[in-house]
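Notes follow the structure.
Every chain is numbered from 1, with letters handed out A, B, ... down the list of sequences.
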Amino acid sequence: MNEKEQVAAAILKAMPDLDKSTVMDRLERPKDDKNGDYALPTFFLAKQLHQAPQKIAADLGSKIDQGSFDKVVVAGPYLNFFLKKGKVGAGVLETILNDPEHYGDATLGNGAHVTIDLSSPNIAKPMGMGHLRSTVIGNAIANILAKVGYEPIRINHLGDWGTQFGKLMAAYEMWGDEAAVKADPINTLQKYYVRINTEADTHPEYNDAGREWFKKLESGDKEATRLWKWFRRESLKRFMKIYKMLGVDFDSYNGEAFYNDKMDEILHLLEDKGLLKESRGADIVDLSAYNLNPALIRKSDGATLYITRDLAAALFRKRMYGFKQSLYVVGAEQTNHFAQLKAVLSEMGFTWSKQIHHIPFGLMSLNGKKMSTRKGNIVQLEDVLNDSIKLARQQIAEKNPDLANADEVAKQVGVGAVIFHDLKNERTNAIDFKLEDVVKFEGETGPYVQYARARAESILRKAGKPSFAGEDLTLDDAEAWPVIKQLGQFGETIQRAAENYDPSLIGKYALALAKLFNQYYAHVRILDDHPQKTARLALVQAVSDVLKSSLLLLGVKAPDEM
RNA sequence: GGGGCGGUAGCUCAGCUGGAUAGAGCAUUCGCCUUCUAAGCGAACGGUCGUGGGUUCGAAUCCCACCCGCCUCACCA
């Protein structure tokens, strides 16, 4: 029985005609600590009892068994419950220290597979800041789901197919310089890509050339395939460097090209069901029953489209992984696409279309405009990470010049700042990119959380890395209580984050815990002699453990010193 | 025009399953390092919660209308 249920039980004992679920629903956690740890507003009883809420609260307060609480206070129409701090606190600390890595675990998932489509950059282009979002949000969701008992499968659905590559090949055919590409593959290819897109405005035949090249690629033309393989290989090399910096691993790199030979089955299935209709020379699936515009499955030139490949991918993933849920961490601008995808799968008779969830996130813009590789209006992720690492290294040189592994810590802090900045706010918020915000290390940032933990670790080192087994961890100073309460809410925070696919809840949790700990640190001399010094150190250890867990869930490293 | 998301302090945001004086960070001003890392702590300043109605004992939160911004609506992904 958790604390809230204990409060509810005490209320029910004093007022037996209430039902438990009502009381659990009405019980709230006051924002202000002075109003207790739990509070029951009594307004909802006023009508049925024909009494003023103030009177109801007073009556209830006099009937309640106060023995199991520190105190129960009637505050006007509210009944405020104060828990026994020492006892509850010791319980929380024992639970954490007993098995820090698994504190907050849950078994909601029962080992069910969840595929997560994340990152999915386009090859032959530099990875921009826009791709950071899908990568770090998807990775954090995967971590969170694993924590509550699912088995996440991270899939990097590389954008390695489509008319865009036809265009790139057409550009390479016209202007390509093999030596230049070899020297700096990504940037050189991007130049060609930008050029052909720019010049296509005045040379519409370039678009046709692009379509032709893609057609050749789809039908297995030797030269087209050679170029494609080369572009893909070089791109992946570069991407891996970034993923290593970010600390993200994937279970699969099957991108769009992987489904090239799996498209026929989809087309046949659609035909067999009589879903495919001809319209303006192309093949579509009518989705007016879903209040959606038609899904274009096959272009008038016979080539397939994004959604055709996504249909094949969805079916493949279901067969391969037997997913219970299939998540797509893709920008909110593709909401319509995923609605269509689900609708077509549903039309095809796949009841598991309901297990598919688009996890949208807000657009990252630059100077208020949509980032676009074609227009060169893009910030490279790698540059931002390097800038941030450099700044972190400078900070270390200033603040902690003797730090042993300074370069490694600078990476953890610099990259941590970038990741945390992306995750701390609600997913769907749009972000206008500002470097100075991303690489900020003060206030509500990743480094703030890392720093709070590094100071905690520093204290523990100075205390000689104490062990707490069998110790009395009763801690009743008023300063410790807010920290302990926050520690106790880790599990429910994780579950909410999992249910809502919302990493920002973990970010906010970690910030709040770090802040509360910093306040504690500023007011209590932990290493001074004190009857509860051991319990205080246990609190420090628990904070460090939980901050570390929180950061790791977000994909942020937690250095012991910085 | 249809659909989606958003509008809270100068800026960036939290709060939105209705509850007790609307919170935080940044910025500005001012305190705190002979004491566990000042990437920190504290204080001050700062708000018609887009507008107008409605529901309710109670609305930033729920409902309706309107205004503004962004995204999206068949041969890109």
Between Asp301(A) and Gly368(A), just flag the one whose closest nucleotide in RNA chain B comes earlier from the 5' side. Gly368(A)
Map Arg280(A) and Phe44(A) onto RNA chain B by nearest heavy atom, then report which one ends up closer to the 5' terminus. Phe44(A)
Searching all strands shown, indicate the nucleotide that pairs with [N] (Watson-Crick or G-U wobble; both distances under 3.5 Å).
N	answer
rC5(B)	rG69(B)
rC49(B)	none
rA44(B)	rU28(B)
rA22(B)	none

Touch check for Pro360(A), heavy atoms < 4.0 angstrom, all strands: base, sugar-phosphate only, or nothing? nothing
Counting the atoms with a prime plus P, OP1 and OP2 as sugar-phosphate, which does Glu256(A) contact under 4.0 Å by heavy atoms, base, sugar-phosphate, or nothing? sugar-phosphate
Please confirm whether any donor atom in the side chain of Asp286(A) sits under 3.5 Å from an acceptor in the base of rA74(B), or the reverse. no
Any N/O donor-acceptor pair, Ser279(A) side-chain to rA74(B) base, under 3.5 Å: yes
Would you say [N] has OP1 or OP2 under 4.0 Å from some side-chain N or O of [X]?
X	N	result
Asn429(A)	rA14(B)	yes
Lys31(A)	rA20(B)	yes
Thr163(A)	rC76(B)	yes
Lys47(A)	rC57(B)	yes

Please work out which of the three classes, parallel, tilted or perpendicular, describes the rings of Tyr206(A) and His203(A), given edges at 30° and 60°. parallel
Determine the Euclidean distance between corresponding [atom1] atoms of [M] and [N]; express it in Å to zero decimal places.
N	M	atom1	value
rA43(B)	rA60(B)	P	26 Å
rG53(B)	rC13(B)	P	30 Å
rC64(B)	rG69(B)	P	23 Å
rG25(B)	rA9(B)	C1'	12 Å
rA24(B)	rG42(B)	P	10 Å
rU55(B)	rU61(B)	C1'	13 Å
rG47(B)	rG23(B)	C1'	11 Å

In whole angstrom, what separates [X]'s [atom1] from [N]'s [atom2]?
X	N	atom1	atom2	answer
Glu444(A)	rG15(B)	CD	P	12 Å
Asp432(A)	rC11(B)	CG	C1'	12 Å
Phe420(A)	rA24(B)	CZ	P	17 Å

For [X] and [Y], test the side chains for any donor-to-acceptor distance below 3.5 angstrom and give the result as yes or no.
X	Y	answer
Asp37(A)	Trp481(A)	yes
Thr304(A)	Arg298(A)	no
Glu398(A)	Gln394(A)	no

Contact pattern, 5' to 3', of nucleotides 35-42 of chain B - B, S or - by protein heavy atom under 4.0 Å: BBBSBSSS
Around atom NZ of Lys548(A), are there more than 12 heavy atoms from other residues, nucleotides or ligands closer than 6.0 Å? no
Does Arg496(A), at its CZ atom, have more than 12 non-hydrogen atoms belonging to other residues, nucleotides or ligands within less than 6.0 Å? no
Can you tell me if Asn156(A) uses its side chain to pair, donor with acceptor, with the backbone of Ser120(A) under 3.5 Å? yes
What's the spacing between Asn122(A) CG and Leu168(A) CG if we round to 0.5 Å? 11.0 Å
CZ of Phe338(A) to NE2 of His357(A): how many Å apart, nearest 0.5 Å? 13.0 Å
